[in-house]
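Convention: sequence-line order gives letters A, B, ...; per-chain numbering from 1.
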There are 2 protein chains.
Amino acid sequence: MTSSSPPPALAHSAGVAHAHKGDGDVLRCLVCDIRNRSLCSSMDEEGLAALAHSSRQLQLPPGTTIVEEGEPALAFFNVTGGTVKLFKSLPDGRRQITGFADAGQFLGLSTAQTYSFGAETVDNVRLCRFLRPQLETLLSDYPTFERRLLAAVTDKLAEAQEQMLLLGRKTAREKVATFLLDRMRAYHLTMGHTRQEVENLASVPMTRVDIADYLGLTIETVSRTISAFRRSHLIASAENHRIRILSVATLLTIASGQKPD
Amino acid sequence: MTSSSPPPALAHSAGVAHAHKGDGDVLRCLVCDIRNRSLCSSMDEEGLAALAHSSRQLQLPPGTTIVEEGEPALAFFNVTGGTVKLFKSLPDGRRQITGFADAGQFLGLSTAQTYSFGAETVDNVRLCRFLRPQLETLLSDYPTFERRLLAAVTDKLAEAQEQMLLLGRKTAREKVATFLLDRMRAYHLTMGHTRQEVENLASVPMTRVDIADYLGLTIETVSRTISAFRRSHLIASAENHRIRILSVATLLTIASGQKPD
DNA sequence: ACACGGACTTGATCTAAATCAAGGTTGCAT
DNA sequence: ATGCAACCTTGATTTAGATCAAGTCCGTGT
């Protein structure tokens, strides 16, 4: 009974799977390996201790609900490992994934009382949870942290605008090319440019359903388009839900709306 | 030769049309009639003086470029009257309007060196321009202002996610219904609920081309859909680029993805 | 080894919206 | 008043991507 059908577990109920006491280790944030790639990079040593104190670390299996659309917006999260999907839905079940949050990204900011979106883990995810009052205290106490958050939200907004261009005006082919390049960039970011072998690899832990709901397509169209790219030797499958991009240049051309195959 | 064909004028070159010296009147922001509906509501009297000192007021005719995609991000703007369109384009000219900024909305935030989007006036627009260094000073000097900006950007992000749902998953009919209701809400906001007569009016100063580029449709589909709504007596035309919404409830039902005409 | 279930692929057909193609309206400039 | 140009509407036809319909692949548990 390790991982059966109905996606269970709400992240902000009391005793969540593998919740670590934040007050135990002041070092947690100090030794966090992705800290330089996240909001937390704005903090000095004292600030990092405050962060560790204000947050709890969670480890969640695939398919776990993190936040639910319409529920009280009680917490803010920083993803430290794995991939989370954010989405909005229509009453009849149509769903739009508005973004994937990989390690280093935040989620859960809300001005309203309730979340205007849902969030669910794609694979095994580690994240730090900040309850609202604690986040507010941090923002007030550490102006550099607040400034960094403002910059991060501004970046997310620019990303969202790029995605609107994709959803409103790109063809299926252009959408999928853009997606693969984005996943390659995301993978490079989380791997920190460490190895040459990682080059041109994209990590694609999500299902075709998720990709389709992200690109405003059906799973069949996503599948066909990926197959076509594979047949044209623009990409090749790699182990572990990864895709090797054989011609970044061609894919870039396609993604930006110029014809070539 | 008041307003001929090729859309001219860059807003941040020295002597822009009707630029008012910011340092002249300390009262400008104090007496601003939309201040309570904007970022500026976070400021006390002293702050308002600082705002007036840090900004310049511009008055621009329809079709004026405010910011250009790829140009250095030198300024931040607060719209105090009229409507601005924000957009991104593909090399072949396909365009996606990512939002309309009405009175009280800001635009021009950027973390990068250059703007990732363009902005152009839809009708006669009044706006306050803050150069980057001046904005940064304001943020540092007035924490409540920075907090308010963070909230405003967070709201814009939620709006963007809603628009992604529209672009990726809604039908033409649902898109247009959503748009009309949004325009009604925008009109109510800028009119401040003053009059009963204003009820159920939507202000639509933009062309069909703009609406189509905002909804991810063609002008023909937008036109046909609006005509169909008119034929079904869900809406009616009103003077001055306005539309009267005859059945808000029905339009809401359609916008949220349930069938009814 | 095998079989079950979820995820993916591929093919055939359908359709919502795009494209192509005329007109009709409206407002401004002369 | 009249003519022009931009904007909008409506109709006919086409098409990209959706839907419908089988399979295939792959990982896990027995």
Side-chain angles (χ1 to χ4, degrees), chain A residues 1-7 61-63 92-96 122-123 166-177 179 204-231 235 237-243 254 257 259 261, chain B residues 1-7 61-63 92-96 122-123 166-177 179 204-231 235 237-243 254 257 259 261:
Chain A
M1 214 251 233
T2 35
S3 65
S4 46
S5 352
D92 65 0
R94 278 175 285 170
R95 187 181 65 153
Q96 178 65 39
V122 168
D123 49 12
L166 176 146
L167 290 169
R169 289 302 183 214
K170 287 189 181 179
T171 64
R173 204 180 148 64
E174 291 161 3
K175 285 175 175 182
V176 173
F179 173 72
V204 186
M206 60 291 288
T207 65
R208 293 288 182 267
V209 175
D210 287 343
I211 300 172
D213 282 351
Y214 179 58
L215 299 178
L217 298 171
T218 59
I219 58 172
E220 292 95 333
T221 299
V222 170
S223 187
R224 277 187 247 275
T225 308
I226 289 180
S227 296
F229 284 161
R230 199 168 7 232
R231 259 182 274 111
I235 62 173
S237 317
E239 74 293 341
N240 257 102
H241 292 281
R242 279 191 268 276
I243 289 177
I254 296 170
K259 291 262 107 154
D261 351 43
Chain B
M1 212 252 235
T2 36
S3 68
S4 45
S5 355
D92 65 0
R94 277 174 287 170
R95 187 181 66 151
Q96 178 66 38
V122 167
D123 48 14
L166 177 147
L167 290 169
R169 290 301 183 215
K170 287 189 181 179
T171 64
R173 202 179 149 65
E174 291 160 3
K175 286 175 175 182
V176 173
F179 172 72
V204 186
M206 61 291 288
T207 65
R208 293 287 182 267
V209 175
D210 286 344
I211 300 173
D213 281 352
Y214 179 59
L215 299 178
L217 298 171
T218 58
I219 57 171
E220 293 94 333
T221 299
V222 170
S223 187
R224 277 187 247 275
T225 308
I226 289 180
S227 296
F229 283 162
R230 199 166 10 228
R231 257 181 276 111
I235 62 173
S237 316
E239 74 294 341
N240 256 102
H241 292 279
R242 279 192 268 275
I243 288 177
I254 296 170
K259 292 263 108 159
D261 347 47

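- For the pair A/Ile211 CD1 and C/dA7 P, the interatomic distance rounds to 13 Å; values are reported in whole Å.
- Nucleic acid contact class of B/Thr218 (heavy atoms, under 4.0 Å, all strands): base.
- As a whole-Å value, the separation of B/Arg94 CZ from C/dT19 C1' is 15 Å.
- In this structure, A/Arg230 reaches the C/dT9 phosphate: one of its side-chain N or O atoms is under 4.0 Å from OP1 or OP2.
- For the pair A/Arg230 (side chain) and A/Ile235 (backbone), a donor-acceptor distance under 3.5 Å is absent.
- Separating the CD atom of A/Glu174 from the P atom of D/dG17 is a distance of 9 Å, rounded to the nearest angstrom.
- Using a 4.0 Å heavy-atom distance criterion, B/Ser223 is classed as a base contact.
- Counting non-hydrogen atoms under 4.0 angstrom, A/Leu217 reaches the backbone sugars and phosphates but no base.
- The distance from atom CZ of B/Arg224 to atom P of D/dG11 is 9 Å, rounded to the nearest whole Å.
- Nucleotides of DNA chain C nearest to B/Gly216 and A/Arg231 differ in position, and the one nearer the 5' end is that of A/Arg231.
- The separation between A/Ile219 atom CD1 and C/dT10 atom C1' is 12 Å, rounded to whole Å.
- Annotation: the span from A/Glu220 atom CD to A/Arg208 atom CZ amounts to 12.0 Å, rounded to 0.5 Å.
- Within the structure, every side-chain polar atom (N or O) of B/Arg173 is placed at least 4.0 Å from both OP1 and OP2 of C/dA17.
- In this structure, CZ in A/Phe229 is found 5.0 Å from CZ in A/Arg173, a value given to the nearest 0.5 Å.
- A straight line from CE of B/Met206 to C1' of D/dC7 spans 15 Å, rounded to a whole angstrom.
- Regarding A/Arg208, its CZ atom lies at a distance of 18 Å from the C1' atom of D/dA18, rounded to whole Å.
- For the pair A/Thr221 and D/dG17, the criterion of a side-chain N or O lying under 4.0 Å from OP1 or OP2 is not met.
- With hydrogens and angles ignored, the 3.5 Å screen pairs a side-chain donor or acceptor of A/Arg94 with a backbone N or O of B/Arg169.
- Of the inter-residue distances, the one linking B/Leu166 atom CG with B/Thr171 atom OG1 reads 9.0 Å to the nearest 0.5 angstrom.
- The interatomic distance linking B/Arg169 (CZ) with C/dA16 (C1') rounds to 15 Å, in whole Å.
- For B/Glu220 and C/dC20, a side-chain-to-base donor-acceptor distance below 3.5 Å is present, hydrogens and geometry of angles not being considered.
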